[in-house]
Amino acid sequence: MSSSKQPLNVLQQLRDMILRGELAPGERIPEAALAERLGLSRMPIRQSLPMLAKEGLLVSAGARGFAVRSFTPQDCAAAIRLRASLEGLAAKDLAARGASPALLARLAACLAEGDRIFAKRHIVEADEAAYGAMNKRFHDLLVEGAENPLLAELVARCNVVPFVSPGTIAFNRDDLDAAYDYLSYAHRQHHAIVEAITRRDTERAEFLLREHAVTQEKSMWRG
């Protein structure tokens with residue numbers, strides 16, 4: 001087994017597996033099986049589990065074991081709304097202070113990347129990961145731009161709830177037309193958010209972030 005992977009990378013791998021549902025809610029974490037699956041020794045797995053428990057993704061199970069924490073749909077919806085309120089405050093503060101040219105350029109790059117995804121007027125399965133990565137960068141930039149460490153920490157805690165992180169995009173592959181409709185609408189909201197921040201329209205920037213969360217919450221139930 002390879003020992004070249006760093007614990008931080010293992011932590012991210014395990015986090016992603018939980019958020020994607022590859023490790024099911026309530027499932028006890030099988031250290032040996034996971035180590036074999038990932039091509040690792042058990043040590044980096046064992047080191048990562050307490051950190052995931054601290055993030056709220058795992059709960060104690062037995063003397064030294066851990067299991068995946070169960071989240072209800074109501075938990076997910078509540079976390080989305082809370083994250084939206086926090087990001088709304090971030091956007092409001094950013095608009096009030098004025099975003100730097102460098103930050104606006106990075107946001108514009110996210111917008112351009114999303115535009116390229118939707119330019120073909122339909123989406124394919126590969127767009128799921130591409131849009132998720134872009135969406136995460138976009139939201140991370142807004143939070144980072146607010147320069148409020150406590151707010152950033154609270155947003156990060158919301159994002160460990162399954163399906164809440166902006167990077168977690170899971171659309172119904174049996175209805176790609178519907179997925180295109182709601183994702184392209186969400187991306188048009190991205191454009192409006194950046195426009196409000198650029199114009200330093202604080203109230204509209206905050207409102208748009210809260211409205212953006214409604215789009216995400218509705219998309220969760222499309223399956």
>> Parallel, tilted or perpendicular, judged at 30° and 60°: which one describes the rings of His187 and Tyr131?
In response: perpendicular
> With a 4.5 Å limit on heavy-atom distance, are the side chains of His139 and Asn135 in contact?
Replying inline: yes
> Salt bridge or not for Glu206 and Arg210, using N-O below 4.0 Å?
Replying inline: yes
> Roughly how far, to the nearest 0.5 Å, is the OG1 atom of Thr215 from the CD atom of Gln189?
Replying inline: 3.5 Å
>> Main chain of Ala96, side chain of Arg200: is a donor-acceptor contact present, judged purely on distance under 3.5 Å?
In response: yes
> Which heavy atom of Ala192 sits nearest a heavy atom of Leu208, and at what distance?
Replying inline: O-CD1, 3.4 Å
> Under a single-linkage definition using a 4.5 Å side-chain heavy-atom cutoff for Ile, Leu, Val, Met, Phe, Trp and Tyr, are Val161 and Leu154 assigned to the same hydrophobic cluster?
Replying inline: no
> Does a sphere of radius 6.0 Å around CZ in Arg46 hold more than 12 heavy atoms from other residues, nucleotides or ligands, not counting ones at 6.0 Å or beyond?
Replying inline: yes
>> Once ring pair (Phe, Tyr, Trp, His ring centres under 6.0 Å) is applied, do any residues pair with Tyr180, and if so which ones, sequence neighbours excluded?
In response: Phe118
> Can you name the closest pair of heavy atoms from Phe66 and Leu49 and give their distance?
Replying inline: CD1-CB, 3.6 Å
> What's the shortest heavy-atom distance between Leu151 and Leu86, and which atoms?
Replying inline: CD1-O, 3.4 Å
>> Regarding Arg69 and Asp75, does a basic nitrogen lie under 4.0 Å from an acidic carboxylate oxygen?
In response: no
> What pair of heavy atoms forms the shortest contact from Ala205 to Ile197, and how long is it?
Replying inline: CB-CG1, 4.2 Å
> Do His212 and Glu87 come close enough that some side-chain heavy atom pair is under 4.5 Å?
Replying inline: no
>> To check you understand the geometry: which heavy-atom pair defines the closest contact between Ala179 and Ile123, and what is its length?
In response: CB-CD1, 3.5 Å
>> Any non-hydrogen side-chain atom of Leu107 less than 4.5 Å from a side-chain atom of Leu142?
In response: yes
>> Looking at Lys120, I'd like to know if its NZ atom is crowded, meaning that more than 12 non-hydrogen atoms belonging to other residues, nucleotides or ligands lie closer than 6.0 Å.
In response: yes
> With side chains defined as the heavy atoms from C-beta onward, is the minimum distance between Leu14 and Ile29 less than 4.5 Å?
Replying inline: no
>> Please check: side-chain N/O of Asp127 versus main-chain N/O of Val124, any donor-acceptor pairing under 3.5 Å?
In response: yes
> To the nearest 0.5 Å, how far apart are OG in Ser48 and CD in Glu31?
Replying inline: 10.0 Å
>> Are the side chains of His191 and Asp115 in contact, using a 4.5 Å heavy-atom criterion?
In response: yes
> Does Val59 reach the side chain of Ser70, with side-chain heavy atoms less than 4.5 Å apart?
Replying inline: no
>> For residues Leu82 and Phe207: do they belong to one hydrophobic cluster (side chain heavy atoms under 4.5 Å, members Ile, Leu, Val, Met, Phe, Trp, Tyr)?
In response: no
> Given the rule that I, L, V, M, F, W and Y join up when any side-chain heavy atoms are under 4.5 Å apart, are Phe138 and Leu103 in one cluster?
Replying inline: yes
> Can you name the closest pair of heavy atoms from Val143 and Ala90 and give their distance?
Replying inline: CA-CB, 4.3 Å
>> Can you tell me how far apart CG (Leu94) and CD1 (Ile193) are? Round to the nearest 0.5 Å.
In response: 11.5 Å
>> Within the structure provided, determine whether Val160 and Ile18 are in side-chain contact (heavy-atom separation under 4.5 Å).
In response: no
> Does Arg97 reach the main-chain N or O of Gly145 with its side chain, forming a donor-acceptor pair under 3.5 Å?
Replying inline: yes
> Can you check side-chain contact (heavy atoms from CB on, under 4.5 Å) on Asn148 and Leu89, steps first, answer last?
Replying inline: CA-CA 10 Å; Asn148 184 330; Leu89 290 175; over 6 Å; no
>> What's the separation between atom NZ in Lys92 and atom CG in Leu209, rounded to the nearest 0.5 Å?
In response: 12.5 Å
> Rounded to the nearest 0.5 Å, what separation is found between the CZ atom of Arg137 and the CZ atom of Arg106?
Replying inline: 9.5 Å
> Atom CG in Leu23, atom CZ in Arg15: separation rounded to 0.5 Å?
Replying inline: 13.0 Å
>> Quick one: does any side-chain atom of Arg83 pair with a main-chain N or O of Val164 as donor and acceptor, under 3.5 Å?
In response: yes
> Can you tell if the side chain of Leu183 reaches within under 4.5 Å of the side chain of Ile117, non-hydrogen atoms only?
Replying inline: no
